[in-house]
Amino acid sequence: MYRIQTMNKISAKGLELFPREQYEVASEISNADAVLVRSQDLHGVALDESVKAVARAGAGTNNIPVPELSARGIVVFNTPGANANAVKELVLLGLLLSSRPVVAANRWVQDLAGKGEQIPELAEKGKSQFVGPELKGKTLGVIGLGAIGAMVANAAIALGMNVIGYDPFLSVKAAWSLDRNVQHSETLETIYAKCDYITVHVPQTDDTKGMISASSLKLMKNGVRIINLARGGLVNNADMIDALKGGKVASFVSDFAAEELMALPNVICLPHLGASTPEAEENCAVMAVRQLRDFLEFGTIVNSVNFPKTVTDNPIPAGGTRLCISHKNVPGMVSKFTAVLGDAQLNIGSMINQNRGDIAYNIIDVDGVVKEGTVARLKDITDVTAVRPIYA
């Protein structure tokens, strides 16, 4: 029986994929095998020693202490692309809101309440203060062409915009998904210099934090409109405020509300609504649950942010054992595993070894039952972080 601890309200569409005869799922549970989380901050949270994996029902993992969990041999999953359509649609809304000041116009019209029959005439006279440009024919810069960025780029092409994309790590899959009319830029400077609108879709890292700042804003066109639904730290708010007040930036749409931004009339702050649709929540939950089940039941890893992708079509051998071993990525480890298994008179049927940075992961199929003593010997090997047997 696998035990799953949920840290947030998780969509029932995902939870129902856990077979009741194999899984116990609850928010309060001890000796959990895995944790399923959305937005709850796990920094400083003491996870059970039994935890083998943490699955984030969403793309970002800023709320998860990934280095700490990696050191414990705990796999951290996310669900890239599961909420892409929801974010794409909000970006499109952001583009429109940054162009046409409908929020301010609506507030102004509401202030006409009580003026009765005068309202139509007053509205006609006042509408000129809410003029804004069309998107068609303008140039949009998309920074980051992953699942969300690619969808945004394609949708903008369909709206009649010119689109320039930037992504130094563009995958083959993402490249194939892009509309052929999307131009690819080799530099951010081209995006800054040529684009009327800029939308950011990159993770927040040490390299990207504050990427929209005084130095980058200075390179942009006067009157540029910027949308950030990715991560709040990508934008230096103080520099953005200066650019807004000086006219360099005509409008800024952010999914990350901040006190200093809210007083400016040309800023629209949203309460982190990017993936807040029932469809996105369901997609993320379903994807997270499937990844957890594949890992717990078969040892395979897909969409981990800290462990290498490791998949196999081989079934666990009848009457045998699948050993899932994680360790520091140092030389000579595989020979140590085979020596222990050889001492136990166990034959290795197949073996997969993958690595990612400082972490390596193995799936070793053994023709026989690996006893607790042998598992303990494997765990005692220096630089091994976790050993998990899965019995057929």
Side-chain angles (χ1 to χ4, degrees), residues 2 33-35 42 47-56 61 64-80 169 171-172 203 205-207 288 290-317 320-344 346-368 370-392:
Y2 295 110
D33 292 291
V35 171
L42 298 189
L47 298 182
D48 292 341
E49 287 298 317
S50 56
V51 170
K52 304 165 184 66
V54 172
R56 158 84 162 99
T61 54
I64 299 172
V66 177
E68 175 188 321
L69 299 185
S70 298
R72 291 176 53 183
I74 296 175
V75 184
V76 179
F77 295 96
N78 69 343
T79 57
F169 307 106
S171 69
V172 173
T205 65
D206 290 341
D207 293 331
R290 285 176 174 164
Q291 290 169 179
L292 270 185
R293 285 196 60 189
D294 285 344
F295 174 69
L296 292 173
E297 296 172 32
F298 306 109
T300 55
I301 297 176
V302 176
N303 290 329
S304 170
V305 300
N306 59 341
F307 272 62
K309 179 179 180 180
T310 312
V311 296
T312 176
D313 292 329
N314 296 332
I316 300 174
T321 308
R322 173 164 291 174
L323 291 169
C324 304
I325 306 175
S326 60
H327 58 89
K328 293 180 182 178
N329 188 20
V330 295
M333 296 300 291
V334 172
S335 62
K336 294 178 181 179
F337 304 152
T338 57
V340 170
L341 295 173
D343 288 346
L346 292 166
N347 181 60
I348 296 175
S350 65
M351 176 185 292
I352 299 172
N353 175 272
Q354 299 289 346
N355 65 79
R356 177 177 180 177
D358 296 332
I359 295 175
Y361 181 72
N362 303 263
I363 293 178
I364 304 174
D365 287 341
V366 177
D367 298 332
V370 179
K371 297 180 180 179
E372 290 184 6
T374 302
V375 172
R377 284 191 63 193
L378 291 168
K379 288 181 178 179
D380 286 341
I381 296 173
T382 301
D383 294 323
V384 167
T385 53
V387 178
R388 180 168 65 98
I390 304 174
Y391 298 103

When you measure from the side chain of T385 to the backbone of S326, do you find a donor-acceptor pair of N or O atoms at a distance under 3.5 Å? yes

Given V35, L69, N303, the one that forms side chain to side chain contact (heavy atoms under 4.5 Å, CB included) with V76: L69

Side chain to side chain, I390 and E297, heavy atoms closer than 4.5 Å: no

Non-hydrogen side-chain atoms of N362 and L323 separated by less than 4.5 Å: no

Please tell me if the side chains of M333 and V384 come closer than 4.5 Å, counting only heavy atoms from C-beta onward. yes

Quick one: sort the Y361 and F295 rings into parallel, tilted or perpendicular, breaks at 30° and 60°. tilted

So do the side chains of I381 and V387 get within less than 4.5 Å of each other, counting heavy atoms only? no

Spacing of I64 atom CD1 and N78 atom CG [to the nearest 0.5 Å]: 8.0 Å

Taking every non-hydrogen atom, the tightest pair across V311 and I352: O-CD1, 3.5 Å

Using 0.5 Å steps for rounding, measure from the OG1 atom of T382 to the NZ atom of K328. 9.0 Å

I need the R388 CZ to I325 CD1 distance, nearest 0.5 Å. 11.5 Å

side-chain contact (heavy atoms from CB on, under 4.5 Å) between Q291 and T79, worked out: CA-CA 9 Å; Q291 290 169 179; T79 57; 4.3 Å; yes

Euclidean distance, S350 OG relative to I316 CD1, rounded to 0.5 Å: 10.5 Å

Closest heavy-atom contact between V75 and S304? CG1-OG, 3.5 Å

Are F337 and H327 close enough that some pair of their side-chain heavy atoms sits under 4.5 Å apart? yes

If you count heavy atoms of other groups shown closer than 6.0 angstrom to CZ of F169, is the number above 12? no

Looking at residues at least two apart in the chain, or sitting in another chain, which of them share a side chain to side chain contact (heavy atoms under 4.5 Å, CB included) with S70? V66, N306, I359

Determine yes or no for a side-chain-to-main-chain donor-acceptor pair under 3.5 angstrom, with T310 supplying the side chain and P308 the backbone. yes

Please check this pair: side chain of N329 against backbone of A360, looking for a donor-acceptor N/O pair closer than 3.5 Å. no

For residues T312 and R322, determine if any side-chain heavy atom of one lies less than 4.5 Å from a side-chain heavy atom of the other. yes

Closest contact, heavy atoms only, T374 versus A344: OG1-CB, 3.7 Å

Can you list the steps and then say if I301 with Q354 is a side-chain contact (heavy atoms from CB on, under 4.5 Å)? CA-CA 10 Å; I301 297 176; Q354 299 289 346; over 6 Å; no

Do V375 and K379 touch side chain to side chain, with heavy atoms closer than 4.5 Å? yes

Which atoms form the tightest heavy-atom contact between G368 and T321, and what is the distance? O-OG1, 2.8 Å

Evaluate the criterion side-chain contact (heavy atoms from CB on, under 4.5 Å) for residue pair V54 and L47; output intermediate values, then yes/no. CA-CA 10 Å; V54 172; L47 298 182; 3.9 Å; yes

Heavy-atom closest pair (L296 atom, Y2 atom, distance to 0.1 Å) is O-OH, 3.0 Å

List the atom of G73, the atom of A386, and the distance in Å for their closest heavy-atom pair. O-CB, 4.0 Å

Measure the CZ-NZ distance between R72 and K52 for me, rounded to the nearest 0.5 Å. 11.0 Å

Point-to-point distance, once rounded to the nearest 0.5 Å, from CG of D365 to SG of C324: 8.5 Å

In this structure, are over 12 heavy atoms from other groups packed under 6.0 Å from D48 atom CG? yes

Pairwise side-chain contact, P65 with L42, heavy-atom cut-off 4.5 Å (strictly under): yes

By side-chain hydrogen bond (donor to acceptor under 3.5 Å, both in side chains), D294 pairs with (sequence neighbours left out) none

